[in-house]
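These notes are about the structure you will find just below.
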Amino acid sequence: MNPADKSFLKGLDYSVVQQCMHCGLCLPTCPTYDATKLERNSPRGRIALMRAIADGRLDVTRTFGEEMYFCLGCLACTTACPAGVNYAELFEHARAEVERTGILRKPKRSLIRAFTVAWLFMDLRRMRFFGRLVRFYQRIGLQSLIRRSGALKLLPKRLQELEAMTPTIQPKFSAELIAPVTPAVGRKRYRVGMLTGCVQDLIFSDVNRDTVEVLARNGCEVVTPPGQFCCGSLHGHNGEPGLAARLARKNIDQFPPDQFDAIITNAGGCGSHLKHYAKLLKDDPAYAARAVEWDRKAKDIHEWLVEIGFVAPAANGQPTQTVTYHESCHLSHGQKVVTQPRQILGSIPNLRLVELPESNWCCGSAGIYNLTQPEMANQLLDRKLRHIRSTRTTVVATANSGCLLQLINGARSHGLALRVTHPVSLLAEAYRQSEAGQKNAGGLALPAP
Ligand code: SF4
Ligand code: SF4
């Protein structure tokens, strides 16, 4: 049989397919079910459809394909499920099945996927090239000129919306801010690799720099090779396990797990995927064993800092700032890293943490969901911003590039004076402020890239 003819859902371990006991406890936690109250938009309904296909009782239809892409992949259902249903695996296999059958294929969709998933994200040199073009467009003032001129009104509504979501590209990418090896401050306790990400590198390279600084201050020698690769989560979550596996091999080659105590990411969405390379590469004899070791060492930054007993910043006499925390779905539901970011924020002397209602409810970003399902994504964003407003804070911390971007765009379009930042950036700032006599300290002098 040609491997391309092999059904992903029929080939999935049946113990995963049959786990659901139809209790419905996940339904109230599912944002799409909450919005429509339709069973097919719920985890239980979706799992029933997947099982019917796996059992050969249902063909892959267009409706099934659309349903799989209406699901956010937020994994809130996995937190609620008493039976331990592995929805992440079901969901990835279901989307791979949709792509294998080509049931949603249309020329425009195929072109966009070929350009982004199969080309742009497979080699980040291309991504950085486009990042530089957008940065140039923004820095010479062309973007604001075009926005002010009203010329954008000539574009179709959807393109206008997409233009409004264009992120501000950082003046320098990670490799221009961070040396390939940053020594530990004081005694070296660990050697860690640090993934600088794809979108993260272009839009939040400052967060990457802060992460390296925080790690160095906590006794870690940090290895950040320039020319890194995407973690492959975009591919894994969008029905391309073959491309995801290719990127997993590249990452394992770049960060051989036997040479590191931990491999760190500061993005919840990436971390959730990075911890499952072993499944992706289980049939590859050259990588299977290393992938198991990789999974063991892949760590979210908050998880790692708490594990190694991070140093709490000293009191610094700064005025108190009130901060709320939005949980990235893939950090909380995907990785179950829930308490650690709060512990880090709680350790900052001048910071008062105000709990956000529904803090682990999706903000609508969900990878590229805000691009593919704008209506549902905007509903979720409005709900999130309503809750943020109710906390009366002016700072929101969150640990995923998609969430950061979604909230920055949301605050801008709603005219909210809100600082959106990463918990690790707040920790890095607190360390700097704690340094005696450095009122406006610019940060630890890291070695030049
Ligand atoms: S992943 Fe999120 S949107 Fe999808 S079924 Fe689960 S809770 Fe609902
Ligand atoms: S996924 Fe879990 S919580 Fe939801 S219906 Fe099935 S067993 Fe119940």
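Heavy-atom basis, side chains included; hydrogens, waters and symmetry copies ignored. Numbers here are sequence positions counted from 1. In each ligand, atom 1 is the first atom listed, and ligand 1 is the first ligand listed.
Side-chain atoms of Tyr287 and Asp253 include a donor-acceptor pair closer than 3.5 Å. A donor and an acceptor atom, one from each side chain of Asp201 and Asn208, are nowhere located under 3.5 Å apart.
Near Arg46, meaning under 4.0 Å from one of its heavy atoms, ligand 1 places the atoms 3 (S), 4 (Fe), 5 (S), 8 (Fe). Close contacts of ligand 1 with Leu75, meaning ligand atoms under 4.0 Å from a residue heavy atom, involve 1 (S), 2 (Fe). Short contacts between ligand 2 and Pro82, defined as distances under 4.0 Å to a heavy atom of the residue, involve ligand atoms 3 (S). Taking a cut-off of under 4.0 Å to the non-hydrogen atoms of Cys81, the atoms of ligand 2 that pass are 1 (S), 2 (Fe), 3 (S), 7 (S). If you number the atoms of ligand 1 from 1 as listed, the ones under 4.0 Å from a heavy atom of Gly73 come out as 1 (S), 4 (Fe). For ligand 1 and Leu72, the ligand atoms under 4.0 Å from any heavy atom of the residue are 3 (S), 4 (Fe). Using a 4.0 Å cut-off to heavy atoms of Cys26, the atoms of ligand 2 that qualify are 1 (S), 3 (S), 4 (Fe), 5 (S). Close approach of ligand 2 to Met21 (heavy-atom distance below 4.0 Å) involves ligand atoms 6 (Fe), 7 (S). Counting the atoms of ligand 1 from 1 in the order shown, those under 4.0 Å from a heavy atom of Cys30 are 3 (S), 5 (S), 7 (S), 8 (Fe). Under a 4.0 Å criterion applied to the non-hydrogen atoms of Gly24, ligand 2 contributes the atoms 5 (S), 8 (Fe).
The heavy atom nearest to atom 1 (S) of ligand 2, out of those in Leu90, Asn86, Ile47, is found in Ile47. The nearest non-hydrogen atom to atom 7 (S) of ligand 1, considering only Pro28, Cys77, Ser42, Ala35, comes from Cys77.
Counting backbone and side-chain atoms alike, Cys23 contributes no N/O/S atom closer than 2.8 Å to atom 4 (Fe) of ligand 2.
Here the shortest heavy-atom pairing between Leu12 and Glu89 reads CD1-OE2, 3.7 Å.
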